[in-house]
Student: 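Supplied in structure tokens, the structure appears directly below.
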Amino acid sequence: MCCIMGQTNGDSQVLLARQEPLFAKTLGTVTPRKPVLSVSARKIKDNAADWHNLILKWETLNDGGFATANSIANMKISLLSKDKIELVSSGLASDDCAEKEHPEYSRELETLCEQLQATLEGLTKIQMKMEKLSSTTKGVCELEDYHHGEERKRPPLFHTWPTARFYEVSRKLSDMYSQELRLKRTVVEQLAHTADRDLALSYLSMWLHQPYLEGGSRLLLESMLLETGHRAL
């Protein structure tokens, strides 16, 4: 069995296992361990487990990225406050002189930006794998259509979902994470350059709350896990 990591809160933090071998061999005998799934059903079930595990990895990176972004935002706010105080005390007319006194990219800030960029690259790799999952799920659906004809004339692979539903859900999830990745890219590009405290806090909030995912992605994932048997009905 290909098993993957665990979690403590009983929610969706336990990494799911891919499909186990169909038979266990003992002393020359072959003993069925699970109901035999078709090749397509096994692939769909594996894909559902992969979705779960990729989303767990995304959340782990997202949490780490928020901690880094929070440090960047706090540093920027501190620098902006110092600039404002020095502008008032010295009577300078613009931010240019203040920036000369306090360079925008201190070494510490630059290091944090590099860390956040590395997080973004990790999220990008995860989203590319999500796209691949959607593509392989579409291929399974097309293969089922080729072999068995119209969807309404064949039984579901698992409980109630028609085969095409798995691709619909995969596509929706992939699109959600693609949009969220674009938003995070904007945050990474702009956070360290903003000269406005409220805007810096807004970028931070965007990273934390992931508006393109919200509760919709969790509902889609859990529905797919229930249908494929990864969650008990």
Side-chain angles (χ1 to χ4, degrees), residues 1-5 7 11-20 37-63 65 118-152 154-188 206-207 209-231 233:
M1 177 178 68
C2 178
C3 199
I4 323 171
M5 180 173 96
Q7 158 188 44
D11 201 12
S12 59
Q13 298 291 323
V14 176
L15 290 177
L16 296 180
R18 282 170 158 263
Q19 182 69 31
E20 293 186 357
L37 296 176
S38 68
V39 174
S40 293
R42 289 201 303 274
K43 184 59 179 175
I44 291 291
K45 189 168 185 175
D46 285 348
N47 281 4
D50 288 342
W51 265 113
H52 176 274
N53 298 333
L54 286 175
I55 288 174
L56 274 187
K57 291 177 181 178
W58 175 285
E59 291 303 325
T60 299
L61 276 178
N62 185 70
D63 290 344
T119 298
L120 180 66
E121 291 171 1
L123 293 172
T124 300
K125 290 178 181 178
I126 290 174
Q127 202 280 324
M128 290 174 64
K129 291 179 180 179
M130 290 176 172
E131 287 287 344
K132 185 176 180 180
L133 279 181
S134 294
S135 178
T136 57
T137 302
K138 182 180 181 181
V140 170
C141 293
E142 291 174 346
L143 187 63
E144 285 289 293
D145 289 341
Y146 176 79
H147 284 300
H148 303 292
E150 296 182 32
E151 180 97 52
R152 59 187 177 83
R154 62 180 186 265
L157 293 176
F158 298 97
H159 299 293
T160 61
W161 282 18
T163 309
R165 177 62 178 160
F166 292 100
Y167 173 63
E168 293 171 7
V169 169
S170 292
R171 187 69 263 163
K172 286 180 181 178
L173 284 170
S174 186
D175 288 345
M176 285 179 178
Y177 280 89
S178 178
Q179 289 178 297
E180 187 62 36
L181 183 64
R182 285 196 292 271
L183 176 61
K184 287 188 180 335
R185 185 171 289 113
T186 297
V187 173
V188 171
M206 291 176 197
W207 186 288
H209 294 294
Q210 305 193 99
Y212 288 107
L213 304 183
E214 299 177 340
S217 61
R218 176 59 61 86
L219 180 60
L220 289 173
L221 175 64
E222 290 299 319
S223 298
M224 184 162 54
L225 295 176
L226 279 169
E227 177 66 21
T228 54
H230 288 296
R231 293 274 193 267
L233 291 172

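Throughout, residue positions are numbered sequentially from 1 according to the sequence presented. Treat the numbers as computed from the prediction; the structure is a model and nothing was measured.
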Student: Nearest 0.5 Å, what's the OG1-NZ distance between T124 and K129?
Tutor: 12.0 Å
Student: Nearest 0.5 Å, what's the CE-CG distance between M176 and L181?
Tutor: 15.0 Å
Student: Can you tell me how far apart NE2 (H230) and CG (D46) are? Round to the nearest 0.5 Å.
Tutor: 7.0 Å
Student: Once rounded to the nearest 0.5 Å, what's the spacing between atom NZ of K57 and atom CG of D50?
Tutor: 8.5 Å
Student: Indicate the ring-plane relationship of Y177 and W51, choosing parallel, tilted or perpendicular according to the 30° and 60° boundaries.
Tutor: tilted
Student: If the condition is salt bridge (Lys or Arg N to Asp or Glu O under 4.0 Å), which residues does E180 pass it with, not counting sequence neighbours?
Tutor: K184
Student: Testing the basics here: between L183 and P211, what is the closest heavy-atom pair and its distance to 0.1 Å?
Tutor: CD2-CG, 3.6 Å
Student: Using a 3.5 Å distance criterion without hydrogens, assess whether the side chain of T160 forms a donor-acceptor pair with backbone atoms of P156.
Tutor: no
Student: Given Q210 and W58, is the side-chain hydrogen bond (donor to acceptor under 3.5 Å, both in side chains) satisfied, shown in steps?
Tutor: CA-CA 11 Å; Q210 305 193 99; W58 175 285; 2.7 Å; yes
Student: Can you find a pair of side-chain heavy atoms, one from R231 and one from M224, that are under 4.5 Å apart?
Tutor: no
Student: Is it true that the side chains of S178 and R182 contain a donor and an acceptor less than 3.5 Å apart?
Tutor: yes
Student: Which distance, rounded to the nearest 0.5 Å, do you find between the CE of M206 and the OH of Y212?
Tutor: 9.0 Å
Student: For N62 and L123, work out which heavy atoms get closest and say how close.
Tutor: N-CD2, 4.4 Å
Student: Which atom names give the shortest non-hydrogen contact between W207 and G65, and what distance separates them?
Tutor: NE1-C, 3.6 Å
Student: V140 and S40: which non-hydrogen atoms are nearest, and at how many Å?
Tutor: CG1-CB, 3.8 Å
Student: With the side chain counted from C-beta on, respond yes when K172 and D175 share a heavy-atom pair under 4.5 Å apart, and no when they do not.
Tutor: no
Student: Evaluate S38 against R42 for side-chain hydrogen bond (donor to acceptor under 3.5 Å, both in side chains), listing each step before the verdict.
Tutor: CA-CA 6 Å; S38 68; R42 289 201 303 274; over 6 Å; no
Student: Taking the side chain from T136 and the backbone from K132, do they hold a donor-acceptor pair closer than 3.5 Å?
Tutor: yes
Student: Hey, could you give me the CG/CG distance between N47 and L133, rounded to the nearest 0.5 Å?
Tutor: 5.0 Å
Student: So if I apply the side chain to side chain contact (heavy atoms under 4.5 Å, CB included) rule between V169 and each of L220, L221, L219, which one comes out positive?
Tutor: L220
Student: Is it true that a side-chain atom of S174 and a backbone atom of S170 form a donor plus acceptor pair closer than 3.5 Å?
Tutor: no
Student: Taking it one step at a time, do R171 and E168 satisfy salt bridge (Lys or Arg N to Asp or Glu O under 4.0 Å)?
Tutor: CA-CA 5 Å; R171 187 69 263 163; E168 293 171 7; over 6 Å; no
Student: With no hydrogens and no angle check, is any side-chain donor or acceptor of E227 less than 3.5 Å from a backbone partner on W161?
Tutor: yes
